[in-house]
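Only one structure is covered here, and it is reproduced in the block below.
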Amino acid sequence: MTEEKRMTAPGSSVGADEGQSLKSTTGSITDSEDDYKEFLRKMRETERLLDPSYLHTFSMNDLYDQTFTGRPPLIDGLLPTGTYFVAGAPKVGKSFLVAQVAYHVSTGTRLWDHPVRQGGVLYLALEDDKQRLQERMSRMFGVDGTDDLSFAIYSSQVGAGLETQLDNYLREHPGTRLVIIDTLQKVRAASGEAYSYAKDYEVIGMLKRFADSRQICLLLVHHTRKQPAEDSFETISGTTGLLGCADGAFILKKAKRTDLTAVLEIVSRDQPDQKLYLTRDESTLTWQLDHAETQPWIAPPDPLLEKVAALVMADRPTWTGSATELLALLGEDMKPNILTRRLNVKSGELRNEYGIALTVSHNRNGSCISLSRLEQEV
């Protein structure tokens, strides 16, 4: 018996060890099962999102909980970021107008009374040759040039290589903020339904998606019809699908072809409609602003952003904390989630007008707000 006990004792010990090992393994299996269930849940969610029959929606609160960097205008009160037409009758002076825009954006100098944000410009002068471009630009601006304004006199067409050409150029010149295509007709593929609404909308839609995805401004030079219309923008050659898809348009028109005066009408999704009265300088062929029918609307300063700007100073360029902590510093009486949403909505203005970048992250304890000063962007 004693010998049997001695022989079975190790067995009992092994059994106990096995029991403990099994218990430990069971816990590991449970964790693995939880991970696997989470993996399956994410797979099902991904499949649902990729299903063509699934309609992607978001709530108003979801929208307010997102932070966007904003798209500052190239020319304050005149040219927002987006896709725009510059249209007018043949030889009315459209190319001279867009050349002015190109030069002022590339040099960062004011255009008329409007501040300009400097950036690289690509000008597709598809109806010109090098000699004509040289003569025009030197007469308009002298021979003190800039490397931030580039030209091309040949290109592929929309949907047939143009987007790839532009993409390659933008990768090589990441500071580019404006692309001008003079004229739209030169990059449109010939088609029997060239003037159908669907075809017009498709062509502009392709260009607009490209411009939006690269956060650049795109100017498309185009012609107007001879037939008059009550609304100047209805004279844009083609169907309403062109302007319907674009973000806006500039219509340049004269009472008589020999006039040195013109009217520039502007319509945009991102700013009020305007009418500018221009005069042509005969010596330089540049357009000068005589007067505007209405002054551009300027948003009043936001007291909340003023307080945030005072908090993030040059000697204290960053701040990080919760919305509750930020409320206490700002002395504002509102709910923390409302403060976060207000900052999200104003994040573009905070960045573009005050040079402060906003980042909002979420954790188990709530939201974490980070503010950092961008001196180079002020």
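None of the values given here were measured: they were computed from a predicted structure.
Taking the six-membered ring for Trp and thresholds of 30 and 60 degrees, Tyr169 and His173 have nearly parallel ring planes, at less than 30 degrees apart. Ring-plane geometry between Tyr197 and Tyr201 is classed as parallel, the angle between the planes falling under 30 degrees on a 0 to 90 degree scale with a further cut at 60. The aromatic rings of Phe85 and His222 are tilted relative to each other, their planes meeting at an angle between 30° and 60°. The aromatic rings of Tyr84 and Phe250 lie perpendicular to each other, with more than 60° between the two planes, well past the 30° mark.
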Legend entry - side chain to side chain contact (heavy atoms under 4.5 Å, CB included) assessment of Thr320 paired with Ile369: CA-CA 6 Å; Thr320 301; Ile369 298 174; over 6 Å; no

Legend entry - side chain to side chain contact (heavy atoms under 4.5 Å, CB included) evaluation trace for Leu79 with Cys217: CA-CA 8 Å; Leu79 182 60; Cys217 182; 3.8 Å; yes

Inset, instruction - Give the C-alpha distance, both sets of side-chain angles, the deciding distance and a yes or no for side-chain hydrogen bond (donor to acceptor under 3.5 Å, both in side chains) between Gln288 and Thr279. - result: CA-CA 5 Å; Gln288 304 301 320; Thr279 302; over 6 Å; no

Inset, instruction - Would you sort out whether Arg48 and Glu45 count as a salt bridge (Lys or Arg N to Asp or Glu O under 4.0 Å), showing the intermediate values? - result: CA-CA 5 Å; Arg48 184 170 70 102; Glu45 178 67 15; 2.8 Å; yes

Inset, instruction - Check the pair Val179 / Leu166 against side chain to side chain contact (heavy atoms under 4.5 Å, CB included), numbers first and verdict last. - result: CA-CA 9 Å; Val179 174; Leu166 294 178; 4.2 Å; yes

Inset, instruction - Apply side chain to side chain contact (heavy atoms under 4.5 Å, CB included) to the pair Leu178 and Ile216, showing each step before the final yes or no. - result: CA-CA 6 Å; Leu178 172 63; Ile216 62 169; over 6 Å; no

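Here the closest non-hydrogen pair linking Gly244 and Arg269 is O-NH2, 3.0 Å. For the residue pair Thr109 and Val116, the shortest heavy atom distance occurs at O-CG2, 3.1 Å. Residues Met334 and Leu327 come closest through the heavy atom pair O-CD1, 3.1 Å. The two residues Tyr123 and Asp182 come nearest to each other via the heavy atoms OH-OD2, 2.9 Å. Nearest heavy atoms, Glu332 versus Leu304: CG-CD1, 4.0 Å. Closest approach of Leu374 to Ala357, counting heavy atoms only: CD1-CB, 3.6 Å.
When side chains are defined from C-beta on, His223 counts as touching Lys94, because their heavy atoms get closer than 4.5 Å. Considering only heavy atoms from C-beta on, Leu170 comes within 4.5 Å of Arg214 through its side chain. Taking 4.5 Å as the limit, every side-chain heavy atom of Leu371 sits out of range of all side-chain heavy atoms of Thr318. Side-chain contact between Leu326 and Leu343: present, with at least one pair of heavy atoms (C-beta onward) separated by less than 4.5 Å. Between Arg342 and Asp302, some side-chain heavy-atom pair lies under the 4.5 Å cut-off. Asp65 places a side-chain heavy atom less than 4.5 Å from the side chain of Arg341. Inter-residue side-chain proximity for Asp290 and Leu278 is flagged as unmet; no heavy-atom pair is nearer than 4.5 Å. Between Phe151 and Lys130, the closest side-chain pair of non-hydrogen atoms is not below 4.5 Å.
No hydrogens or angles considered: nothing links the side chains of Ser59 and Asn61 as a donor-acceptor pair under 3.5 Å. Inspection of the Thr286 and Gln100 side chains reveals no N or O donor paired with an N or O acceptor under 3.5 Å.
Between the side chain of Asp62 and the main chain of Phe58, no donor-acceptor pair closer than 3.5 Å is present. Between the side chain of Gln271 and the backbone N or O of Leu78, at least one donor-acceptor pair lies under 3.5 Å. Between the side chain of Glu349 and the main chain of Lys346, no donor-acceptor pair closer than 3.5 Å is present. Not a single donor-acceptor pair under 3.5 Å links the side chain of Arg117 to the backbone N or O of Val105. Distance alone, capped at 3.5 Å, places no donor-acceptor pair between the Ser322 side chain and the Cys368 backbone. Judged by distance alone, the side chain of Ser347 and the main-chain N or O of Thr67 form no donor-acceptor pair under 3.5 Å. With Asp167 contributing its side chain and Glu163 its backbone, the two residues share no donor-acceptor pair below 3.5 Å. Remark: side-chain polar atoms of Arg373 are paired, donor with acceptor, to backbone N or O of Val312 under 3.5 angstrom. Side-chain N or O atoms of Asp247 include one that pairs as donor or acceptor with a backbone N or O of Thr83 at under 3.5 Å. Side chain of Trp112 to main chain of Trp287: a donor-acceptor pair is present (N/O by atom type, distance under 3.5 Å, no hydrogens or angles).
The pair Asp259-Arg280 fails the salt-bridge criterion, with no side-chain N (NZ, NE, NH1 or NH2) lying under 4.0 Å from an Asp/Glu carboxylate O. The residues Glu202 and Lys208 are annotated as not salt-bridged, no charged nitrogen and carboxylate oxygen being separated by less than 4.0 angstrom. Salt bridge absent: Glu127 and Arg132 never bring a charged side-chain N and a carboxylate O closer than 4.0 Å. Using a cut-off of 4.0 Å between Lys/Arg side-chain N and Asp/Glu carboxylate O, Arg188 and Asp200 are scored as salt-bridged.
By the 6.0 Å contact criterion, CG on Asp147 is open, its count of non-hydrogen atoms from other residues, nucleotides or ligands being 12 or less. Heavy-atom contacts from other residues, nucleotides or ligands closer than 6.0 Å to CG of Asp144 number 12 or fewer. Within a 6.0 Å radius of CD in Gln131, other residues, nucleotides and ligands contribute 12 heavy atoms or fewer. Residue Lys307 places its NZ atom among more than 12 non-hydrogen atoms of other residues, nucleotides or ligands, all under 6.0 Å distant.
Hydrophobic clustering (side-chain heavy atoms under 4.5 Å, transitive across Ile, Leu, Val, Met, Phe, Trp, Tyr) keeps Phe96 apart from Leu260. Linking Ile, Leu, Val, Met, Phe, Trp and Tyr whenever their side-chain heavy atoms come within less than 4.5 Å puts Tyr103 and Leu264 in one cluster. Val121 and Phe210 are assigned to two separate hydrophobic clusters, defined by single-linkage of ILVMFWY side chains at heavy-atom distances under 4.5 Å. Put simply, Val98 and Leu285 are part of the same group of oily side chains (I, L, V, M, F, W, Y) that touch within less than 4.5 Å, one to the next.
Between Tyr64 and the choices Thr340, Asn344, Val345, the side-chain contact (heavy atoms from CB on, under 4.5 Å) rule is met once, by Val345. Applying side-chain contact (heavy atoms from CB on, under 4.5 Å) to Leu126 and the options Thr183, Val187, Val221, Leu184 leaves one that passes, Val187.
Here the OG1 atom belonging to Thr81 is positioned 8.5 Å from the CG atom belonging to Asp270, to the nearest 0.5 angstrom. Rounding to the nearest 0.5 Å gives a distance of 5.0 Å between CD1 of Ile356 and CG of Leu350. Within the model, atoms CZ of Phe141 and CG of Leu149 stand 8.5 Å from one another, a figure rounded to the nearest 0.5 Å. To the nearest 0.5 angstrom, Leu220 atom CG is 15.5 Å from Lys186 atom NZ. Annotation: the span from Ser106 atom OG to Leu122 atom CG amounts to 11.5 Å, rounded to 0.5 Å. Atom CD of Gln165 is separated from atom CG of Leu124 by 8.5 Å, given to the nearest 0.5 angstrom.
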